Amino acid sequence: MGLGGYLDTIMPFIIRKRHDSRLQLNKMASIENDLFKRNILLQLPRVYVECMDYFFKLIPQVTSPERITFHMEHQPSVFMNIMIAHYAEHGAKIYEYQSGGFVGETTLSIDPVRYAVIDKHRTYGWKIHEKDEPFYAVRLESFRREYEKSCSRVTKSQYDIIAVYNQVNSVKTEEWYTAVSQTFFQGIDRQKYPRILLRPRGKSRKFNNRKELAFLNPPKDILVDKGMKSMATLTAQSRLIVHWDHPSTNLLECIYVGHPVVAVLTNEFPTELVRPFYDFFLGVGVMHSSADGLIEHLNKVNIDEWWDEVIKMDMYERFKMLFTRKLI
């Protein structure tokens, strides 16, 4: 796409600190009358106080910054952030790329603060803020390539349903997931869906993450995945993906490749742009307001026939263009 060269992420292993910098900052805070400003000074992280002089010595000399544009998807390291900010102050530009789900679907994801330090935000196809530029679902394209490669090796689905769990946190607690899962275990038609796999989010794909879902105590004939395979590979092995939370990146990935997927809609603060699509997905059974509704839907429909109808609908195609736009 003509974006230029790749810049390796840099984070120095050895960092020299100036301890007197904190003392100077504390003196500044002690004479600051505004309580809010004083607290900001007192709470500044170490990297922006004790380490800043050392970091600045490592930054390459700024030459022709007006000709430089930084392209980034995820937040870089602290040092890279400082370097990019330094170049931007001298005229360089910053283009940010949509990193996955949530963005554009929740009001928090389009808060003006996120746009304050960037020049352009390249999205999966939508535009809300003046700095948004409808682009392509770059991250979803990498999923498609791995998914199609996995599909070429699969002659028959290994699982009828793969139920996906996010990490347990203050929002999605063990109690919440236990309630949803017990409803699922007791209500899903096991004759229709005998092969079920539970997928934990896990902290790393390098380790077995089954213990993450031990609190669910699933029936013995319902398997728990190790969480070590990619979602692209698992999706290719399934007839249907179930998400207990949406927004989620994988739901977008499934729609991008046309794979059957359903989800419980948990977005309490949707953007105005996505609201009509949520209404559509709720109406056709892709999304549900509760686990009970999702299970009832799965028990009564023929997955293949139902999905074939959904993907032919105009609103489905419009959603794909706005939220999962393809490269080609």
Side-chain angles (χ1 to χ4, degrees), residues 100-102 105 137 139-151 153-154 156-167 172 177 180-181 183-185 187-190 192-202 205 209 212-213 216 218 222-267 277-278 281-282 284-288 290-291 293-299 301-311 316 319-320 323-324:
F102 292 87
E105 295 189 55
R139 184 176 175 184
L140 307 191
E141 178 62 19
S142 62
F143 175 91
R144 179 193 67 81
R145 294 175 185 178
E146 186 175 353
Y147 170 83
E148 291 183 352
K149 185 184 297 183
S150 298
C151 283
R153 298 193 294 262
V154 175
K156 183 180 179 181
S157 297
Q158 188 173 346
Y159 307 104
D160 296 298
I161 292 176
I162 294 180
V164 182
Y165 293 77
N166 283 331
Q167 288 180 343
K172 294 296 178 285
Y177 272 132
V180 168
S181 301
T183 300
F184 177 62
F185 299 153
I188 196 69
D189 186 341
R190 294 306 308 281
K192 188 175 182 180
Y193 305 105
R195 302 166 301 167
I196 296 176
L197 180 72
L198 310 183
R199 158 75 176 199
R201 178 64 178 264
R205 279 169 46 192
N209 295 282
E212 296 286 322
L213 299 183
L216 295 177
I222 290 182
L223 304 177
V224 178
D225 184 58
K226 293 180 180 180
M228 299 175 72
K229 292 182 180 179
S230 71
M231 273 307 300
T233 298
L234 283 179
T235 302
Q237 295 173 348
S238 70
R239 288 180 59 208
L240 173 76
I241 297 291
V242 171
H243 283 278
W244 300 123
D245 314 273
H246 185 77
S248 63
T249 300
N250 182 248
L251 184 137
L252 299 183
E253 291 169 337
C254 287
I255 288 179
Y256 190 79
V257 299
H259 191 91
V261 62
V262 293
V264 175
L265 179 60
T266 54
N267 183 3
F277 297 103
Y278 281 175
F281 283 132
L282 287 166
V284 298
V286 174
M287 294 181 185
H288 301 267
S290 68
L294 184 150
I295 294 163
E296 181 182 357
H297 171 73
L298 295 184
N299 285 344
V301 300
N302 178 296
I303 295 298
D304 296 330
E305 293 176 1
W306 161 74
W307 187 251
D308 284 344
E309 291 181 6
V310 170
I311 61 178
Y316 178 87
F319 180 84
K320 287 188 69 173
F323 289 91
T324 66

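Remember, it's a predicted structure, so these values are computed and weren't measured experimentally.
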Student: Measure the shortest side-chain to side-chain distance between Leu298 and Ile188 over non-hydrogen atoms and say whether it is less than 4.5 angstrom.
Tutor: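 Of all side-chain heavy-atom pairs linking Ile188 with Leu298, at least one is under 4.5 Å.
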
Student: Could you verify whether a donor N or O on one side chain and an acceptor N or O on the other, from Glu146 and Ser230, lie under 3.5 Å apart?
Tutor: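 Judged by distance alone, the side chains do pair up.
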
Student: I'd like to check Pro194 versus Asp160 (side-chain heavy atoms, cut-off strictly below 4.5 Å). Are they in contact?
Tutor: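 Touching, per the 4.5 Å side-chain cut-off.
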
Student: Do Ile255 and Tyr316 have side chains that get closer than 4.5 Å, going by heavy atoms?
Tutor: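 Counting from C-beta outward, Ile255 and Tyr316 do come under 4.5 Å.
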
Student: Pair Tyr159, Thr235 - check side chain to side chain contact (heavy atoms under 4.5 Å, CB included), show working.
Tutor: CA-CA 9 Å; Tyr159 307 104; Thr235 302; over 6 Å; no

Student: Kindly give the heavy-atom pair with the smallest separation between Ala236 and Val154, and that separation in Å.
Tutor: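 That closest heavy-atom pairing would be O-CG1, 4.0 Å.
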
Student: Would a line drawn from the ring center of Trp307 to the ring center of His259 be shorter than 6.0 Å?
Tutor: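 So the answer is no for these two rings.
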
Student: Tell me every residue that passes side-chain hydrogen bond (donor to acceptor under 3.5 Å, both in side chains) with Glu253, counting only those two or more places apart in sequence or in another chain.
Tutor: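 Glu253: side-chain hydrogen bond (donor to acceptor under 3.5 Å, both in side chains) contacts with Asn250.
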
Student: Is there a donor-acceptor pair closer than 3.5 Å between any side-chain N or O of Trp306 and the backbone N or O of Val284?
Tutor: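 Yes.
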
Student: Is it true that, when you exclude Arg144 itself, more than 12 heavy atoms of the residues, nucleotides or ligands shown sit nearer than 6.0 Å to its CZ?
Tutor: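 Buried by this count: over 12 neighbours within 6.0 Å.
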
Student: Which heavy atom in Ala232 sits nearest to a heavy atom in Phe143, and how many Å separate them?
Tutor: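 Minimum heavy-atom contact is CA-CE1, 3.2 Å.
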
Student: Look at the aromatic rings of His246 and Tyr278 and report parallel, tilted or perpendicular, splitting at 30° and 60°.
Tutor: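 Ring orientation of His246 relative to Tyr278: perpendicular.
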
Student: Once rounded to the nearest 0.5 Å, what's the spacing between atom OG of Ser248 and atom CG of Leu265?
Tutor: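 One finds 10.5 Å between OG of Ser248 and CG of Leu265.
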
Student: Could you measure the distance from the CD1 atom of Ile196 to the OG atom of Ser238? Nearest 0.5 Å is fine.
Tutor: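 Output value for this atom pair is 12.0 Å.
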
Student: Measuring from atom CG of Leu197 to atom CD1 of Ile162, what distance do you get when rounded to the nearest 0.5 angstrom?
Tutor: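 If I round to the nearest 0.5 Å, the distance is 5.0 Å.
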
Student: Rounded to the nearest 0.5 Å, what separates atom CZ in Arg239 from atom CD1 in Ile241?
Tutor: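 If I round to the nearest 0.5 Å, the distance is 12.0 Å.
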
Student: Of all residues at least two apart in sequence or in a different chain, which pass the ring-ring contact (aromatic ring centres under 6.0 Å, His included) check with Phe319?
Tutor: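 Phe319 satisfies ring-ring contact (aromatic ring centres under 6.0 Å, His included) with Phe277, Phe281, Phe323 once adjacent residues are dropped.
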
Student: Between the main-chain N or O of Pro200 and the side-chain N or O of Asn209, is there a donor-acceptor pair closer than 3.5 Å?
Tutor: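 No, Asn209 side chain to Pro200 backbone: no donor-acceptor pair under 3.5 Å.
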
Student: Testing the basics here: between Ile161 and Val242, what is the closest heavy-atom pair and its distance to 0.1 Å?
Tutor: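 Looking at all heavy atoms of both residues, the shortest contact is CG2-CG2, 3.7 Å.
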
Student: Sub-3.5 Å donor-acceptor pair from the side chain of Asn302 to the main-chain atoms of Glu305, do we have one?
Tutor: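 Yes; judged by distance alone, with no hydrogens or angles, the pair exists.
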
Student: Is the backbone of Asp189 close enough, under 3.5 Å, to the side chain of Asn299 for a donor and an acceptor to pair up by distance?
Tutor: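 Pair found, side chain donor or acceptor close to backbone of Asp189.
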
Student: Do side-chain atoms of Ser290 reach the backbone of Gly293 as a donor and acceptor pair under 3.5 angstrom?
Tutor: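 Side chain of Ser290 to backbone of Gly293: a pair is present.
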
Student: Closest heavy-atom contact between Ala291 and Thr183?
Tutor: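 In terms of heavy atoms, the two residues are closest at CB-CG2, 4.5 Å.
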
Student: Quick check: do His297 and His288 have side-chain heavy atoms less than 4.5 Å from each other?
Tutor: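 They are in contact (side-chain heavy atoms under 4.5 Å apart), so the answer is yes.
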
Student: Is the backbone of Ile222 close enough, under 3.5 Å, to the side chain of Arg195 for a donor and an acceptor to pair up by distance?
Tutor: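 Side chain of Arg195 to backbone of Ile222: no pair is present.
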
Student: Please name the residue in the list Leu251, Leu252, Val257 that meets the side chain to side chain contact (heavy atoms under 4.5 Å, CB included) test with Thr324.
Tutor: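 The option that passes is Leu252.
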
Student: For the ring pair Tyr177 and Tyr165, is the centre-to-centre distance below 6.0 Å?
Tutor: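 Distance test on ring centres: under 6.0 Å, yes.
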
Student: Donor-acceptor check, side chain of Thr249 to backbone of Gly100, threshold 3.5 angstrom: yes or no?
Tutor: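 No.
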
Student: Backbone N or O of Glu105 within a donor-acceptor pair of the Asn267 side chain at under 3.5 Å?
Tutor: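 Between the backbone of Glu105 and the side chain of Asn267 there is a qualifying donor-acceptor contact (under 3.5 Å).
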
Student: As a quick check of understanding, evaluate side chain to side chain contact (heavy atoms under 4.5 Å, CB included) for Leu198 and Phe185, giving each step before the final call.
Tutor: CA-CA 11 Å; Leu198 310 183; Phe185 299 153; 3.9 Å; yes

Student: Taking all non-hydrogen atoms of both residues, which atom of Ala263 and which atom of Leu294 are closest, and how far apart?
Tutor: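 Taking every non-hydrogen atom into account, C-CD1, 3.8 Å.
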
Student: Apply side chain to side chain contact (heavy atoms under 4.5 Å, CB included) to residues Val264 and Met287 and explain how you reach the verdict.
Tutor: CA-CA 6 Å; Val264 175; Met287 294 181 185; over 6 Å; no

Student: So does Gln237 get a backbone contact from the side chain of Lys156, meaning a donor-acceptor N/O pair under 3.5 Å?
Tutor: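 No, the answer is negative, given that no donor and acceptor are paired below the 3.5 Å cut-off.
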
Student: Hey, does the side chain of Tyr147 reach the backbone of Leu234 with a donor-acceptor pair shorter than 3.5 angstrom?
Tutor: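 Not a single qualifying donor-acceptor pair exists.
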
Student: Quick one: are Val164 and Met231 in side-chain contact, heavy atoms under 4.5 Å?
Tutor: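 Side-chain contact under 4.5 Å: yes.
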
Student: Near Lys192 NZ, under 6.0 Å, is it more than 12 heavy atoms from other residues, nucleotides or ligands?
Tutor: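 Yes, because the 6.0 Å sphere around NZ of Lys192 holds more than 12 heavy atoms from other groups.
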
